[in-house]
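Chain letters run A, B, ... following the sequence lines, proteins first and then strands; every chain starts at 1. Here the structure is a predicted model, which means the values were calculated and not measured.
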Protein chains: 2
Amino acid sequence: MPRTRRHQGNCSPGCAVEATLQLIDGKWKGVILYHLLEGTLRFNEIRRRLTSVTQRMLTTQLRELESDGLIARKVYAQVPPKVEYSLTERGRSLKPVISALKAWGDLHAGSADDVEVAA
Amino acid sequence: MPRTRRHQGNCSPGCAVEATLQLIDGKWKGVILYHLLEGTLRFNEIRRRLTSVTQRMLTTQLRELESDGLIARKVYAQVPPKVEYSLTERGRSLKPVISALKAWGDLHAGSADDVEVAA
DNA sequence: CAGCATCCTCTCGGATACTG
DNA sequence: CAGTATCCGAGAGGATGCTG
């Protein structure tokens with residue numbers, strides 16, 4: 001797992017935008033972060049909130065978020081395994097970003113139709 | 001070109017986040033939007049601001065942004081072709097989102113190292 | 001319960017060449 | 001200048017099965 005994903009060689013002013021985007025892309029990252037804003041969740045709790053995500057994908061995304069320092073993974077040594085995921089400080093600092101995404105999505109939900117109607 | 005890209009069948013509360021993300025993912029969309037916030041730009045002007053983007057990719061991304069109703073494309077019937085790209089109202093409404101991405105990227109630039117240092 | 005391993009498909013995105 | 005067309009590899013992401 002080369003953790004490469006999208007080289008960000010260029011660093012024009014837009015670089016910061018790109019850099020942030022890298023952390024929350026990946027089909028599930030954004031939503032995972034969003035749900036974790038509510039608090040700590042276990043693996044299957046997250047999974048239930050994300051209808052139609054495979055364990056493989058969920059695991060992958062969680063691992064990436066973890067190695068990006070956005071979430072923390074706490075494993076309890078139990079017979080029925082229990083793993084909790086929570087946001088780190090760095091992760092929590094993304095809240096305004098996630099909120100902005102959520103807010104926009106709520107307002108401008110759906111396709112680009114309303115634009116043409118409004119125009 | 002099925003314009004499908006990432007089915008968003010599930011619509012838990014996190015759906016809005018996911019939906020917004022769909023519009024600005026794609027390696028260049030975010031940066032393109034960011035630069036267009038400054039004003040109208042021609043094809044090669046955008047290209048110059050995005051070091052190392054191929055025309056093919058730029059064209060693709062611009063076309064997607066256009067069909068998502070975020071940017072407008074104006075073609076001038078001239079011998080040396082001239083095409084201008086600008087944000088639509090819908091596109092401009094993404095400003096807070098882009099700004100949030102930019103702001104976070106500026107602060108938490110680099111890798112997750114500073115987190116561990118700070119901790 | 002919370003994974004990991006394997007396989008496989010499909011799309012993203014890069015390189016290159018040609019056009020109005 | 002601003003594209004379009006074609007080819008191609010890499011990796012994202014899905015399905016399935018096994019495990020501590």
### Query
Side-chain N or O of A:R47 less than 4.0 angstrom from OP1 or OP2 on C:dG3?
no

### Query
Does D:dG13 have OP1 or OP2 sitting under 4.0 Å from an N or O in the side chain of A:Q61?
yes

### Summary
Whole-Å distance, A:K82 NZ to D:dG20 P, equals 23 Å

### Task
Please identify each residue that fulfils side-chain contact (heavy atoms from CB on, under 4.5 Å) with A:E66, with sequence neighbours left out.
A:R63, A:I71, A:R73

### Message
I want to verify a distance call: between C:dG3, D:dG20, D:dG3, whose nearest atom is closest to the A:P81 side chain?
### Response
D:dG20

### Whole angstrom value for the distance that separates P of C:dG13 from CG of B:L62
14 Å

### Query
Atom NZ of B:K74 and atom P of D:dA2: how far apart are they, to the nearest Å?
15 Å

### Task
Looking only at non-hydrogen atoms, find the nearest pair between A:S86 and A:T40 and report the distance.
CB-OG1, 3.4 Å

### Under-4.0 Å side-chain N/O to phosphate OP1/OP2 contact, A:Y85 with C:dC1
no

### Task
Would you indicate which nucleotide in C:dA15, D:dA15, D:dT4 comes nearest to any side-chain atom of B:T54?
C:dA15

#### Entry: A:E18 side chain reached by B:Y34 side chain, heavy atoms, under 4.5 Å
no

### Task
Go through D:dG17, D:dA2, C:dG14 for me and flag the one nearest to the B:W28 side chain.
C:dG14

### Message
Nearest whole Å is fine: how far is C:dG13 C1' from A:Q22 CD?
### Response
14 Å

### Query
Rounded to the Å, how far apart are A:E64 CD and D:dG11 P?
13 Å

### Query
Hey, is the main chain of B:G105 close enough, under 3.5 Å, to the side chain of A:T20 for a donor-acceptor pair?
yes

### Message
Working to the nearest 0.5 angstrom, can you tell me the gap between B:I46 CD1 and B:W28 CH2?
### Response
12.5 Å

### Query
In whole angstroms, how far is the P atom of C:dC12 from the CG atom of B:L58?
17 Å

### Message
Heavy atoms only, 4.0 Å cut-off, all strands: where does B:Y76 land among base, sugar-phosphate and nothing?
### Response
nothing

#### Entry: 5′-ward residue of the pair B:V75/A:V79 relative to DNA chain D
B:V75

### Query
Any sub-3.5 Å donor-acceptor pair from A:R90's side-chain atoms to A:D68's backbone N or O?
yes

### Query
Does atom NZ of B:K82 have more than 12 heavy-atom neighbours, drawn from other residues, nucleotides or ligands, at distances under 6.0 Å?
yes

### Query
Nearest of D:dA2, C:dG3, D:dG3 to any side-chain atom of A:V83?
C:dG3

### Query
Between the axis at one end of the helix from C:dC1-D:dG20 to C:dG20-D:dC1 and the axis at the other (five pairs apiece), what's the angle to 10 degrees?
50°

### Query
What is the distance, rounded to the nearest whole Å, between atom CG of A:L50 and atom P of D:dG14?
11 Å

### Query
Base, sugar-phosphate, or nothing for A:E45, non-hydrogen atoms under 4.0 angstrom?
nothing

### Message
Counting distance alone, no hydrogens or angles: does the base of D:dG13 have a donor or acceptor under 3.5 Å from a partner atom on the side chain of A:R56?
### Response
yes

### Message
Any side-chain N or O of A:R63 below 4.0 angstrom from OP1/OP2 of C:dG3?
### Response
yes

### Query
Tell me: CG of B:D25 to C1' of C:dG13, nearest whole Å?
12 Å

### Message
Which residues pass the side-chain contact (heavy atoms from CB on, under 4.5 Å) test with A:R92, not counting sequence neighbours?
### Response
A:L87, A:E89

